[in-house]
Number of protein chains: 2
Amino acid sequence: MSELKPGRSFVSAQQVAELAGVSRSAVSRTFTDGASVSETTRKKVLEAAETLGYHVNHLARSLIHEDSGIVCLIGADINTPYHSRLIDAITRRLQAINRVAMVINTSGDTDSVEAALRQTLNYRANATVVLSGTPPTSLINTCLNSGQHVILINRDDHLDGPENISVDNAAAAREAFHMLHRAGSRRIAVVSSQAGTPSLVARERAFETAAGEAGLDVTITRAGPTGYGAGFEAGRLLLSGSHRPDAAFCVTDLLACGFMDAARVEFGMNVPEELCVVGFDDIEQAGWASYQLTTFRQPIVQVADHITMLLDGEDPLRQRGGSVSFHADPVWRRTVRPK
Amino acid sequence: MSELKPGRSFVSAQQVAELAGVSRSAVSRTFTDGASVSETTRKKVLEAAETLGYHVNHLARSLIHEDSGIVCLIGADINTPYHSRLIDAITRRLQAINRVAMVINTSGDTDSVEAALRQTLNYRANATVVLSGTPPTSLINTCLNSGQHVILINRDDHLDGPENISVDNAAAAREAFHMLHRAGSRRIAVVSSQAGTPSLVARERAFETAAGEAGLDVTITRAGPTGYGAGFEAGRLLLSGSHRPDAAFCVTDLLACGFMDAARVEFGMNVPEELCVVGFDDIEQAGWASYQLTTFRQPIVQVADHITMLLDGEDPLRQRGGSVSFHADPVWRRTVRPK
DNA sequence: TTGTATGCGTTATCAG
DNA sequence: CTGATAACGCATACAA
């Protein structure tokens, strides 16, 4: 059987048909769910396919069905603990419903979000999931008109076309304030970043108003891009003054880790005795012994499940353009005084 | 111009041609690099395409060229700091050479690596990059015979068909030993995991033999899957005994972080005074103030660059099946005594 | 430069 | 159950 010499090319159904001594249609039917093939032909085809190394060309198949099986995941900072976990969860569930994820990294230049949207159209993706960034509305509409699902994660501008999945940042931020307030903190700092992401802004705002209602002023510090470094820098700035805060709400766990490290390493402070800290996201590091950060858990599983639910329901009548919001539950650890 | 009502379907070149009043070919040529179209038709086509929201169907285009532009990234534990950084770097560079990444998460069941290989064939990917896991040799050969690039990262079995990219784990592990030995450590523990990955085993082995050559015995602890938890548990086990080690080589930064936390939180030990620690990977957390871990930097950029280099070279005569190895350079921080 | 015709690999339809 | 044939959206050789 020296027939299978390295063809340097993909095997087609035609070749399989010839080797099996049947028609192309028979091959096609063998690999189509719910088609009627006799057991004998089926066996012959399967065997021929195996020896030749045949695999159905989904690209060609997608030309006929309006279903490529591709879902585009668009996002920046995908190496961030939160985003990588989200991508992990989404890809896993997508595969469970026979879809495959195409991830487009928009970390580069500014207009790469637009380029990403174009890619999703070029590859006839069934759906586009925007994890971060602001896509041009016109392109979103093109996607929608093309029959794509467009799923926006954590945007505040709830457009009517796309489906919006968000986290109730405001509720969590309010709760964060009350946790700190009940613990006796009165000079509370908010540590944020210069990113200005809708989620982050929502957390800042809600915390600020909750504090205002309790008669407290808060100062917001934005010392750089969202991450450990900015948190550390914020700690350095805030704690070197004479009027040190006695608590901090960090809008991200990464910021919180940096902030805590600055407090302890640079100023020798004890958490939570001298300084209470609350974070957001519940990244893995928040649970590490060095931090034991009290924070709010991102509903990653719910988000991923909801996405697959939207895509799996092949019901074309399904109402598109809804908005769902999941709760971020508090995770009590050790950076807030119990009392 | 009420022609552009939401078609719930992708726009085809045909429709653009009709609106522009030209032939299908003219549309095709407008979007094909190096085709000859007059400026007038080009303008007309572009305008029609814009109003209709037309985007070239790469799936159909790939049917003609043997070039889908898709590169499959296959791996498990993609939410790990090391893997997510690798994926970030690779996707970024892939996009720079006009390719798009399809990531297949093999975290689920065991034979999902095989399923992943099948997907890469189904989607006629130009290349398959295996970040982790052991794909069946037969399927690898199918990929190769189909004309795909197959790139294996950090596998020790250097097959002749695929291209292998690896890190010189042995050299780094040897260096790790000498760093600790020179610092005066004599009771050195190796902290590893039960994963048994080629990389990890190579590090263990090389460290062990280097120690043996210096007349030292090392004990290897594998307390769970590669991660913070296993490192913490290893610390608990190793440091509770009466014969405490005075140094540890953790084959992964995540293990090292867990180990250090156990040493400090559970046993109140000082690093590096009472205990030296060396990690591997140089994940972001290794540089955090709480750890300041001395470790070895994964050559992520080189790996990503090499991959794109392999794929960008459209030279079909290019020798396939090579092996490259990059060095992991030491990053000196504070967990090893200077002396 | 432009249009016509053909083929890429697949599936759906239809006749047998 | 099976095979021939027409699409799917696109690129290109060819003729004009």
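Naming: A, B, ... by sequence-line order, numbering from 1 per chain.
- Note on A/V27: nothing from the nucleic acid sits closer than 4.0 angstrom, heavy atoms only.
- For A/F31 and C/dT11, the CZ to C1' distance is 14 Å, given to the nearest whole Å.
- Within 4.0 Å (heavy atoms only), B/T41 reaches sugar-phosphate atoms of the nucleic acid but no base atom.
- Close to C/dT10, at under 4.0 Å from its OP1 or OP2, lies a side-chain N or O of A/Y54.
- In this structure, the CZ atom of B/R61 is 18 Å from the P atom of C/dG9, given to the nearest Å.
- Both B/H65 and A/G21 lie near DNA chain D, and the one whose nearest nucleotide falls closer to the 5' end is A/G21.
- The separation between A/N57 atom CG and D/dC8 atom P is 18 Å, rounded to whole Å.
- B/V37 comes within 4.0 angstrom of the backbone, heavy atoms only, and of no base.
- If you take CZ of A/R124 and C1' of D/dG9, they are 8 Å apart, rounded to a whole angstrom.
- Rounded to whole Å, the distance from CD on A/E66 to P on C/dT11 is 16 Å.
- Centroid-to-centroid, the aromatic rings of A/Y54 and A/F10 stay 6.0 Å apart or farther.
- Not a single donor-acceptor contact under 3.5 angstrom links the side-chain atoms of A/S28 to the base of C/dA12.
- The CG atom of A/L59 sits 11 Å away from the C1' atom of C/dT10 (whole-angstrom rounding).
- Nucleic acid contact for A/H58: none, since no nucleic acid atom lies under 4.0 Å from a heavy atom of the residue.
- With hydrogens and angles left out, the side chain of B/S36 and the base of C/dT2 share no donor-acceptor pair within 3.5 Å.
- In this structure, a donor-acceptor pair under 3.5 Å is absent between the side chains of A/E163 and A/S323.
- Note on B/S25: a base of the nucleic acid sits closer than 4.0 angstrom, heavy atoms only.
- Sequence order on DNA chain C of the closest nucleotides to A/I64 and B/S38 puts B/S38 first from the 5' end.
- Distances were taken from every side-chain heavy atom of B/A26 (C-beta onward) to each of C/dG3, D/dC10, C/dG9; the shortest belongs to C/dG3.
- Among the candidates A/D88, A/T308, A/D305, A/D312, the single residue satisfying the side chain to side chain donor-acceptor pair (under 3.5 Å) test with A/R93 is A/D305.
- A side-chain donor from one of B/S107 and B/N105 sits under 3.5 Å from a side-chain acceptor of the other.
- By the 4.0 Å N-to-carboxylate-O rule, A/R118 lies close enough to A/E114 to be salt-bridged with it.
- What separates CG of B/L121 from C1' of C/dG9 is a distance of 15 Å, to the nearest Å.
- One interatomic measurement links the two molecules: CZ of B/R24 to P of C/dG7, which rounds to 15 Å at whole-angstrom precision.
- You'll find a donor-acceptor pair under 3.5 Å spanning the side chain of B/R29 and the base of C/dG3, going by distance alone.
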